[in-house]
Amino acid sequence: IEICPDNPDIYVKIGDFYYQDRKYDHAMEVYVKGASQFLDRDKLKEALAVYSKVLKIKPTHLASLKGYAKTQIKRGYPEKVAEILRKTLDSNPSNKKDIFFLLVDCYLEIEDLAEAESLLLNQLKNDPTQCSKFFDIVNYYLNKNDLNSAVRILSMITQQVLTSNKPERIIDTLNEILMRDPENIEALKLQLRYYSWYKENFEIEDTLRRIAEVSKLNEAVEDERFALSQLIITNPGDLKIFNRLKELNNSQDTKTLSE
């Protein structure tokens with residue numbers, strides 16, 4: 001419905017007319033257009049009032065919930081957003097998934113990562129296929145250059161992503177992390193897990209060698225021993241691998257005896 005694109009007050013008046021005429025779908029559509037214009041102009045009080053009109057008609061109206069959330073966050077009242085979204089979820093609406101993700105977005109917007117992670121982990125227990133939203137948290141951490149936290153989140157969902165219809169998302173993200181931090185052992189381990197799942201032998205060996213190299217540099221003995229013990233299986237004649245693995249094992253034996 002296009003009425004007067006540059007005048008939100010007109011949209012509200014027309015919305016009132018539709019509402020009085022009990023044409024609620026038309027009323028909600030026009031109200032949202034008016035409220036969006038108020039929000040764009042930072043007329044937050046007016047936007048909030050109009051979004052609230054829609055939510056009185058239909059508490060689960062997604063566009064209005066999004067607008068309401070954005071408005072309240074701008075006003076500095078994110079807790080009110082969380083409250084109304086949680087109450088809406090409790091009513092078990094038909095668009096529960098969309099509202100749940102909106103609640104997660106709300107926590108991301110106000111940088112309450114702990115709450116966002118907690119919500120998603122609980123959701124993952126109930127439905128292991130719903131892991132895509134975790135990538136929003138991963139991207140948040142990547143934007144902050146908090147690579148260890150990004151890897152930590154990926155480790156929570158690796159199995160679910162591998163069995164999803166977009167498994168390449170995890171390797172693409174890991175490659176980005178390793179471009180920034182080539183010595184991130186945990187990211188390398190997840191990379192190995194990805195290649196092992198698809199039995200990509202060349203990549204498996206290359207990643208194992210990288211893990212061994214990085215582990216040695218960082219004195220991560222157990223990780224290095226694991227990588228070398230896998231490499232010696234496919235490279236039984238490699239004396240460099242054999243001797244280094246023997247050195248690590250002898251060191252472990254000496255340590256055990258001294259204890």
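Residues take their numbers from the sequence shown, with the count starting at 1. The figures that follow rest on heavy atoms only: side chains count, while hydrogens, waters and symmetry mates do not.
- With sequence neighbours excluded, the residues forming a side-chain contact (heavy atoms from CB on, under 4.5 Å) with S132 are R169, listed by chain and number.
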Cut-off 3.5 Å, no hydrogens considered: what does the side-chain donor-acceptor table look like for residues 145-152, sequence neighbours left out?
residue: N145; atom: OD1; partner: R180; partner atom: NH1; Å: 3.1
residue: D146; atom: OD1; partner: S149; partner atom: N; Å: 3.2
residue: D146; atom: OD1; partner: S149; partner atom: OG; Å: 3.1
residue: D146; atom: OD2; partner: S149; partner atom: OG; Å: 2.8
residue: N148; atom: OD1; partner: N184; partner atom: ND2; Å: 3.3
residue: R152; atom: NH1; partner: E117; partner atom: OE1; Å: 3.0
residue: R152; atom: NH2; partner: E117; partner atom: OE2; Å: 3.1

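- With values rounded to the nearest 0.5 angstrom, Q191 atom CD is found 4.0 Å from T207 atom OG1.
- The pair D9-K43 does not meet the salt-bridge criterion, since no charged nitrogen lies less than 4.0 angstrom from a carboxylate oxygen.
- Shown here is F17, whose CZ atom has no more than 12 heavy atoms of other residues, nucleotides or ligands within 6.0 Å.
- Of all heavy-atom pairs spanning G34 and P8, the tightest one is O-CB, 3.5 Å.
- Taking both residues in full, the closest heavy atoms of P59 and T88 are given as O-CG2, 3.8 Å, listed atom of the first, atom of the second, then distance.
- Closest heavy-atom contact between L231 and I241: CB-CD1, 3.9 Å.
- No donor-acceptor contact under 3.5 angstrom links the side chains of Q37 and D6, judged on distance only.
- For the pair D172 and E176, the minimum side-chain heavy-atom distance is 4.5 Å or more.
- The shortest non-hydrogen separation linking V30 to G15 is CG1-N, 3.8 Å.
- Atom-to-atom distance recorded for I73:CD1 and L44:CG is 12.0 Å, nearest 0.5 angstrom.
- Note that the CD1 atom of I170 and the CD atom of Q160 stand 9.5 Å from one another [nearest 0.5 Å].
- Ring centroid separation for the pair Y31 and Y11 does not come in under the 6.0 Å cut-off.
- The line from CD1 of I211 to CD of E183 is 13.0 Å long, rounded to the nearest 0.5 Å.
- Grouped by direct or indirect side-chain proximity (heavy atoms under 4.5 Å, Ile/Leu/Val/Met/Phe/Trp/Tyr only), L217 sits alone.
- Checking side-chain atoms of N126 against main-chain N and O of N122 turns up a donor-acceptor pair under 3.5 Å.
- Applying the 6.0 Å contact sphere to OH of Y19 captures no more than 12 heavy atoms from other residues, nucleotides or ligands.
- In this structure the side chain of L154 reaches within 4.5 angstrom of the side chain of I177, judged on heavy atoms.
- Counting heavy atoms from C-beta outward, I84 and L55 have side chains that approach closer than 4.5 Å.
- Between L208 and I204 there is a side-chain heavy-atom pair separated by less than 4.5 Å.
- Under a 3.5 Å cut-off, the side chain of S196 and the backbone N or O of R193 do not form any donor-acceptor pair.
- A salt bridge is absent between E247 and K216; no separation between the charged side-chain nitrogens and carboxylate oxygens falls under 4.0 Å.
- With respect to the salt-bridge test (charged N to carboxylate O, under 4.0 angstrom), the residues K70 and E109 do not qualify.
- Ion pairing of R225 with E222 is present here, as a side-chain N (NZ or NE/NH1/NH2) and a carboxylate O approach within less than 4.0 Å.
- Listed by first and then second residue, the salt bridge (Lys or Arg N to Asp or Glu O under 4.0 Å) pairs that reach into residues 94-108 are D105-K133, sequence neighbours excluded.
- Using a 4.5 Å cut-off on side-chain heavy atoms (C-beta onward), L39 and K74 make contact.
- Here the OG atom belonging to S215 is positioned 7.5 Å from the NZ atom belonging to K189, to the nearest 0.5 angstrom.
- Taking the side chain to side chain donor-acceptor pair (under 3.5 Å) definition, one finds that Q72 meets it with Y68, R75, sequence neighbours left out.
- Applying the ring pair (Phe, Tyr, Trp, His ring centres under 6.0 Å) test to residues at least two apart or on different chains, the pairs with a partner in residues 185-223 are Y194-Y198.
- When all heavy atoms of P93 and I99 are compared, the closest pair comes out as CG-CD1, 3.7 Å.
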Salt bridge (charged side-chain N to carboxylate O under 4.0 Å, His left out) between E213 and R209, intermediate numbers included: CA-CA 6 Å; E213 178 186 349; R209 289 183 180 275; over 6 Å; no
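- Around the CZ atom of F242, the shell of radius 6.0 Å holds no more than 12 heavy atoms that belong to other residues, nucleotides or ligands.
- Within the model, atoms CG of L85 and CG of L119 stand 10.5 Å from one another, a figure rounded to the nearest 0.5 Å.
- A salt bridge links E83 and K87; the closest N-O separation between the charged side-chain nitrogens and carboxylate oxygens is under 4.0 Å.
- Grouping the Ile, Leu, Val, Met, Phe, Trp and Tyr side chains by contacts below 4.5 angstrom, directly or via other members, places V54 apart from L65.
- In this structure a side-chain-to-backbone donor-acceptor pair under 3.5 Å is present from N139 to F135.
- Residues V104 and Q123 have side chains not in contact (no heavy-atom distance under 4.5 Å, counting atoms from C-beta outward).
- Of all the heavy atoms in V81 and C106, the pair that sits closest is CG1-SG, 3.5 Å.
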